[in-house]
Amino acid sequence: MKKYTSLTEIQGELAQKQLTLKELIAYYFKQIEQHQHLNAFNEVFFDSATKQAEEIQAKLENGSAGKLAGMVIGIKDNICYEGHVVTASSKMLENFVSPYSSTVVKRLLAEDAIIIGRLNCDEFAMGGSNETSYFGPVKNAADEERVAGGSSGGSAVAVQADMCLAALGTDTGGSVRQPAAFCGNIGFKPTYGRISRYGVIAYASSFDQVGTITSSVADAALLLEVLAGADENDSTVSQLPVPSYSSHLPPHAKRQTPNACKIAVLKETIESDALDPETKEAILVAIEKFKQDGHEVTEVSFDLLEYLVPTYYILTTAEASSNLSRYDGVHYGYRNTQAQSLNQLYKSSRAEGFGEEVKRRIMLGAFVLSAGYYDAYYQKAQKVRRLIRERIEELLKNHDVLVSPVAPTPAFKIGENVQDPLVMYMADIYTVLASLAGIPAVALPLGNNKAGLPLSIQLMTKHFNEQALLSLSHSFLEKA
Ligand code: GLN
């Protein structure tokens with residue numbers, strides 16, 4: 001079977017009876033088996049996915065199938081699915097079975113997507129290389145000595161190596177966009193509050209957002225319209241109506257450009273010495289292409305770049321230290337059974353259940369929130385976040401789309417940066433901007449460098465303007 005790159009293709013073959021869901025799911029199971037060494041899946045849901053394939057096939061035959069019928073999707077292992085294990089790739093939750101489904105899973109199932117398994121990620125989504133996972137790193141299929149990116153590394157590699165059509169990830173500071181960039185996929189992070197976080201294991205609640213990793217913009221649009229929208233279980237989700245994103249994409253056949261956009265390139269992000277030269281070159285070529293397509297491209301200055309990473313890490317570690325306090329060995333999760341006192345039970349359960357990076361962040365978060373340091377760090381970072389957001393909103397008053405790299409380099413070697421947390425954190429510089437501002441952003445593939453590693457560009461837009469981002473991305477890739 002060939003690689004399918006969009007649901008439209010699969011649905012076409014299903015409708016023509018050239019394909020059955022049984023065949024499709026068998027194909028993906030085989031792909032997963034053949035790529036086991038990449039370590040993308042923490043678990044394959046053989047039984048529930050096979051059962052779903054049978055049920056949805058029957059619905060296809062009687063004309064009652066939902067709009068995602070034929071979509072075989074993997075979910076990051078921090079998204080709850082009733083009756084299935086969910087671990088956040090942590091020893092802390094190694095055998096934890098979710099008693100309920102997240103809103104995103106419910107919405108996928110309601111439209112007849114087949115959930116094929118749960119995907120490896122950095123522990124509690126903290127990391128940018130998938131190396132903090134208790135279950136080991138995920139390997140990049142473009143070069144198996146290199147990282148998949150993170151934290152949704154399993155999601156990116158599962159799509160890259162054709163183990164499922166699409167995957168859900170979560171993006172707190174780049175975890176959908178950066179692994180997608182490292183693996184040559186499309187990584188889409190909607191506006192904060194566009195998609196419900198109910199049933200998604202919390203890392204930093206004022207940043208966390210579910211996003212998609214796909215091979216086509218059409219699939220990203222379709223998934224977004226299924227997943228987005230108000231939810232009584234998450235009051236931070238916007239009440240704004242959900243547009244029919246997929247039906248508003250510019251038609252393929254006409255190779256038509258959506259209305260000319262005002263595109264602003266964030267100058268300091270491109271001129272930075274830290275940016276890999278081949279990445280820069282590919283982005284400059286893409287910018288030329290935007291111009292040729294009739295868009296107006298200008299350069300703008302964004303001089304708050306150096307504040308992004310510190311602000312992000314102060315606020316997210318503070319939120320994480322609070323969110324992760326629930327894993328105490330008493331309520332649920334890993335428990336040390338030798339402890340002689342309650343205090344000892346808390347201490348040893350948390351010391352043994354969490355990995356190094358998670359502990360580092362809990363400590364950092366507890367520090368910035370502690371009496372005496374709260375004003376100097378946490379409160380100050382809140383103020384800087386507001387300034388960043390205001391500056392971005394100002395730029396987006398005069399421009400439709402902002403452009404920057406996704407990451408300073410293509411996928412690096414496994415083990416290369418792991419000893420130095422600061423190097424790792426600095427690599428998030430371009431993705432945390434959209435997360436701090438809460439705006440939608442997408443990572444789009446730009447082909448490979450000379451060594452065969454995927455390159456990528458990032459586009460961002462105003463809050464809740466996902467449609468513009470999807471339309472521009474669609475026509476851009478169509479003409480690639
Ligand atoms: N690399 C970033 C971090 O470690 C982003 C993670 C994420 O988006 N979940 O926090």
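Order of listing sets the numbers, starting from 1, for every ligand and every atom in it. Quick caveat: nothing in here was measured; it's all calculated off a predicted structure.
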Taking all non-hydrogen atoms of both residues into account, name the closest pair between A218 and H474 and its distance.
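It is N-ND1, 4.4 Å.
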
Under 4.0 Å, heavy atoms only, figure out whether ligand 1 is touched by the backbone of A125, its side chain, both or neither.
both

Of the backbone atoms (N, CA, C, O) and the side-chain heavy atoms from C-beta on, which set of Y203 has a member under 4.0 Å from an atom of ligand 1: side chain, backbone, both, or neither?
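Under 4.0 Å from ligand 1, Y203 contributes side-chain atoms alone.
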
For E319 and S206, test the side chains for any donor-to-acceptor distance below 3.5 angstrom and give the result as yes or no.
yes

Going by atom types only, do T87 and E94 share a side-chain donor-acceptor pair under 3.5 Å?
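Result is no, nothing qualifies.
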
Classify the angle between the aromatic ring planes of [X] and [Y] as parallel (below 30°), tilted (30 to 60°) or perpendicular (above 60°).
X	Y	answer
Y100	Y198	tilted
Y81	H84	parallel
F124	Y327	tilted

Has ligand 1 got any nitrogen or oxygen that is less than 3.5 angstrom from a nitrogen or oxygen of [X]?
X	answer
G173	yes
D428	yes
M126	no
K76	no

Taking the six-membered ring for Trp, are F207 and Y312 closer than 6.0 Å centroid to centroid?
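Ring-ring flag for F207/Y312: true, centres closer than 6.0 Å.
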
For [X], the ligand 1 atoms whose distance to one of its heavy atoms is below 4.0 Å:
X	value
G127	1 (N), 2 (C), 3 (C), 4 (O), 6 (C)
S151	9 (N)
T172	7 (C), 8 (O), 9 (N)

Does even one non-hydrogen atom of [X] get within less than 4.0 Å of ligand 1?
X	answer
R361	yes
Y425	no
Y313	yes

Between R194 and E466 (salt bridge meaning N to carboxylate O under 4.0 Å), is one present in this structure?
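No.
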
Is a salt bridge present between R107 and E111, judged by a nitrogen-to-oxygen distance below 4.0 Å?
no

Tell me which protein heavy atom sits closest to atom 6 (C) of ligand 1, plus the residue, atom name and distance to 0.1 Å.
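For this ligand atom, the closest protein heavy atom is S175 OG, 2.9 Å.
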
Could you check atom 5 (C) of ligand 1 against the protein and tell me its nearest heavy-atom contact, residue, atom and distance included?
Y312 OH, 3.4 Å

